[in-house]
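All remarks here apply to the structure that follows.
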Amino acid sequence: MAMRNKEIASIFNEIADLLEISGENAFRINSYRNAARAIEDLSEDIAALQAAGKLSQIRGIGDRTEKKIEEYLQTGKISAREDLLKKVPHGLVTLLKIPGMGPKTVATAWKQLGVEDLEGLVKSLRTGQFEKLPGMGPKKIENIKKGLDFITRSAGRKLLGIVLPIAEEIQESLRKLEGIKKVEIGGSLRRRAETIGDIDLLIEANEGEKILKKITEFPQVREVLSLGETKASVRITDDIQVDIRVVPNESFGSALQYFTGNKDHNIQLREIAIKKKWKLNEYGLFEDERRLTGETEEGIYAKLGLPWIAPELRENRGEIENANQLPKLIEQADIKGDLHMHTLASDGRCTIEEMIEGCIAKGYEYMCITDHSTSSRVAGGLDPDRLKEHIRHVRQAGKKYHKDIAVLMGSEVDIHLDGRIDYDDALMAELDLVIASVHSGLGQSSEKMTHRLLAAMDNPHVRAIGHPTCRLIGQREASEMDMAAIINHAVETNTWLELNAHWMRLDLKDVHLKQAREAGAKILIGTDSHDIASLDNMRYGIYTARRGWLETKDVVNTLPRNEFLKLLKK
DNA sequence: GCCGTTTTCGGCCCGACTGTTTTCAGTCG
Ligand SMILES: Nc1nc2c(ncn2[C@H]2C[C@H](O)[C@@H](COP(=O)(O)OP(=O)(O)OP(=O)(O)O)O2)c(=O)[nH]1
Ligand SMILES: [Mg+2]
Ligand SMILES: [Mg+2]
Ligand SMILES: [Zn+2]
């Protein structure tokens, strides 16, 4: 049975939307959203947790929600949802996605005009019925029309690897602006989340209003969504929204904390403040009117009795409860080598020597060339004869550069549908490192895929499993598999699991890395580079590793050369 | 609807910007 976590999470979000449109109690609605978030964050199959009776142990899931999940897993329905849908049209949920349309507007349009879906809304706008709604004026109408236009053309969330470089460029150009003392990137970008909704920028300046006005007049700005004394929102090219917040020096730390989020982490901190009879907001931590602290993030966390928490951990995934036993997170400088890359021999765009020089430039102590195997025909996979020739070439190049870097000869070998490996054992014995990856039959059942990966790990030559779930973020779902079984088997067979650092993959993903670390599995971070420039993608691997709570010792390619080379054989 | 060890009842984060409101609701961060 396929994992139903996402499906169930979205049902709870939908129930929350329906309840909100029908004017239910806001806290109850919040509970549904919290439950949905908790389910989205699960690394394990919700059905397995339900069967083990572990659902109610999850924070945010109580008796009532547990019952609903059980009902859904058994019958495919939740009666509470069915009842709600008899009252509230399902099509209204879509209307909430329009910027500027909230639950109140949707509810009045529904009750007073009979609007039940997107089509009905468009019609009521066209016929002029819509402007007859109470509190509705020409500006609001215009705004909603723009919002409607936006959701029809917008492609949704963007990938970290696309947006972060853009944000960093904007950051640099703003830093040069007069009157601006500091510019920091906040929000999901600072937390290095795999997908990004918008760019959040925090500015330290004294004359906020002036600065914001100046920024909204930049030529890159396509549309000004709002402009006030302390914050502004604009849209730039590619429909990227930029939210800008300006605060003075004494509030910079608290504002950065607020603006980094995530929202649930913020609420947790604010609740700690409340318990101490204080108030936390973006301007500082206050006892009545008196500011206790606010200049730095460290100061805020310290006053609340917490160590500073790395932004990558601020997801309300246990970082506050475990604040005093947080891992010492891996850093970019800890990486001693890149172990997954392609060359012209298969589908890469650079020569062996170019890739070697790229790795030397990164300061690595070792590297590994891993071109594709026979069955990856479209990717120029090497048949045994070509592999043998490639081995000679890589060894030769290795000799030339041996003073600067240890060049390992490996392969990214296909795992066949039944778990057999594309090269025979004798051939693999000639390689320093075999990463085995699935490139076909991605839609296999969870049972088959799990069995396939376990079988691959049983091969003594298979040192690591490449991009284990085969997802392409926003394009292709992860293949179904029993992650707990795979992680356990990786530990048992002493097989490494890859964290593929390409920002389209980031596979294993953060919550799976955390699960792997807890089970004692070892991770290999590889860029899967197809050219020199992509070697830079290691940064995304590090960010994701940190989001997965990984320490240096969890990652094999942090070991110094001599120690690492000893581990090449399982 | 969830949660808790000073609570099993009664809280649940807090603030900015906009528009049409003549005093603040709605939406969003
Ligand atoms: N306290 C509090 N902070 C919030 C709330 N909404 C947003 N924030 C803070 C935390 C967020 O990380 C930050 C930026 O808001 P965004 O809507 O841009 O969210 P974020 O960047 O986390 O995710 P995104 O990728 O943009 O969807 O503002 C809220 O309701 N309460
Ligand atoms: Mg954001
Ligand atoms: Mg934002
Ligand atoms: Zn691959």
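Here is the naming used below: chain letters follow the sequence lines, and residue numbers restart at 1 for every chain.
- Whole-Å rounding puts the A:Asp200 CG to B:dC28 C1' distance at 12 Å.
- B:dC9 and B:dA16 have their P atoms separated by 37 Å, given to the nearest Å.
- Figure legend: cation-pi geometry between A:Arg235 and A:Phe150, with NZ or CZ positioned under 6.0 Å from the six-membered ring centre and within 45° of its axis.
- Rounded to whole Å, the C1' atom of B:dT6 lies 24 Å from the corresponding atom of B:dG1.
- Spacing of P atoms, B:dC3 relative to B:dC13, comes out at 14 Å, to the nearest Å.
- Looking at heavy-atom distances under 4.0 Å, A:Ser233 makes no contact with the nucleic acid at all.
- A donor-acceptor pair shorter than 3.5 Å cannot be found between the side chains of A:Thr544 and A:Glu194.
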Summarise how protein sits on nucleotides 9-19 of chain B as a single string, 5' to 3': B when a protein heavy atom is under 4.0 Å from the base, S for sugar-phosphate-only contact, - for no contact.
---BBBSSSSS
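- Rounded to a whole angstrom, the distance from the P atom of B:dT27 to that of B:dT20 is 13 Å.
- If you take atom P in B:dG29 and the same atom in B:dT22, they sit 27 Å apart, rounded to whole Å.
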Polar atom pairs between nucleotides 3-5 of chain B and protein, under 3.5 Å, N or O only, would you list them?
from: B:dC3; atom 1: OP1; to: A:Gly60; atom 2: N; distance (Å): 2.6

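- A gap of 24 Å separates the C1' atoms of B:dG10 and B:dG15, to the nearest Å.
- Donor-acceptor pairing under 3.5 Å is recorded for the side chains of A:Ser233 and A:Asp243.
- Applying the salt bridge (charged side-chain N to carboxylate O under 4.0 Å, His left out) rule to A:Glu209 yields no partners; only residues at least two apart in sequence or on another chain are considered.
- Comparing the C1' positions of B:dC12 and B:dT18 gives an interatomic distance of 27 Å, to the nearest angstrom.
- The list of side-chain hydrogen bond (donor to acceptor under 3.5 Å, both in side chains) pairs with a residue in residues 151-166 of chain A, not counting sequence neighbours, reads A:Asp149-A:Arg153, A:Arg153-A:Asp239, A:Arg157-A:Thr195.
- Of the C1' atoms belonging to B:dC2 and B:dT8, the separation is 12 Å, rounded to the nearest Å.
- Here A:Lys67 lies out of heavy-atom contact (under 4.0 Å) with every strand.
- Contacts of A:Glu24 with the nucleic acid, taken as non-hydrogen atoms under 4.0 Å apart, are absent.
- Under a 3.5 Å cut-off, the side chain of A:Arg517 and the backbone N or O of A:Ile523 do not form any donor-acceptor pair.
- Checked by atom type, the side-chain pair A:Asp45/A:Gln50 shows no donor-acceptor distance below 3.5 Å.
- A heavy-atom distance below 4.0 Å to DNA chain B is reached by none of the residues of residues 286-304 of chain A.
- Atom CG of A:Asn266 is separated from atom CG of A:Asn281 by 11.0 Å, given to the nearest 0.5 angstrom.
- If you check B:dC12 for Watson-Crick or wobble pairing at under 3.5 angstrom, you find it paired to B:dG1.
- Here the rule is side-chain contact (heavy atoms from CB on, under 4.5 Å) with A:Val106, and of A:Glu20, A:Lys111, A:Met101 only A:Met101 fits it.
- For DNA chain B, none of the residues of residues 201-211 of chain A falls under the heavy-atom distance limit of 4.0 Å.
- Using a 4.0 Å cut-off between charged side-chain N and carboxylate O, A:Lys213 and A:Glu207 make no salt bridge.
- With its glycosidic angle within 90° of 0, B:dT7 adopts the syn conformation.
- Judged purely by distance below 3.5 Å, without hydrogens or angles, the side chains of A:Arg547 and A:Tyr543 never pair a donor atom with an acceptor atom.
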